[in-house]
Amino acid sequence: MKAGDKHYKCVNSRTGYAIYYHSLSRMLSDEEIRTELEKIRARVAIQNGIYLETLYWEEMKQDAELTR
């Protein structure tokens with residue numbers, strides 16, 4: 001994972017499991033990030049046969065100790 005990127009995981013709310021990970025540039029606006037994540041969420045739902053509304057994105061925060 002690149003330090004300059006924002007990292008996200010797509011979580012299935014029924015199981016609590018992360019089923020997809022994605023990184024986006026920090027240079028994107030909040031609206032661009034939201035749009036991109038929604039497109040990917042739809043694709044992940046279709047590919048996995050999961051109801052779209054059960055998937056959500058969660059930003060992954062890096063621990064400063066781990067990124068030395």
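Residue numbers run from 1 in the order of the sequence given. Model, not experiment: these values are computed from the prediction.
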*Go through Glu53 and Arg41 one step at a time and tell me if the side-chain contact (heavy atoms from CB on, under 4.5 Å) criterion holds.*
CA-CA 9 Å; Glu53 298 305 317; Arg41 183 173 77 120; 4.3 Å; yes
Please check if [X] and [Y] belong to a single hydrophobic cluster, counting links between Ile, Leu, Val, Met, Phe, Trp and Tyr side chain heavy atoms closer than 4.5 Å.
| X | Y | value |
| --- | --- | --- |
| Leu37 | Ile19 | yes |
| Ile33 | Tyr20 | yes |
| Leu24 | Val11 | no |

*Could you check if a side-chain atom of His22 sits within less than 4.5 angstrom of a side-chain atom of Met60, using non-hydrogen atoms only?*
no
*Which of these passes side chain to side chain contact (heavy atoms under 4.5 Å, CB included) with Val44: Ile50, Leu55, Asn12?*
Leu55
*What heavy-atom pair brings Arg14 and Thr54 nearest, and what distance separates the two atoms?*
NE-CG2, 3.4 Å
*Locate the shortest heavy-atom distance separating Leu52 from Ala42; write the atom from each residue and the value.*
CD1-CA, 3.7 Å
_If I take atom CD from residue Glu31 and atom CD from residue Glu36, how far apart are they, to the nearest 0.5 angstrom?_
12.0 Å
*Please check if the side chain of Trp57 supplies one atom and the backbone of Tyr8 the other of a donor-acceptor pair under 3.5 Å.*
no
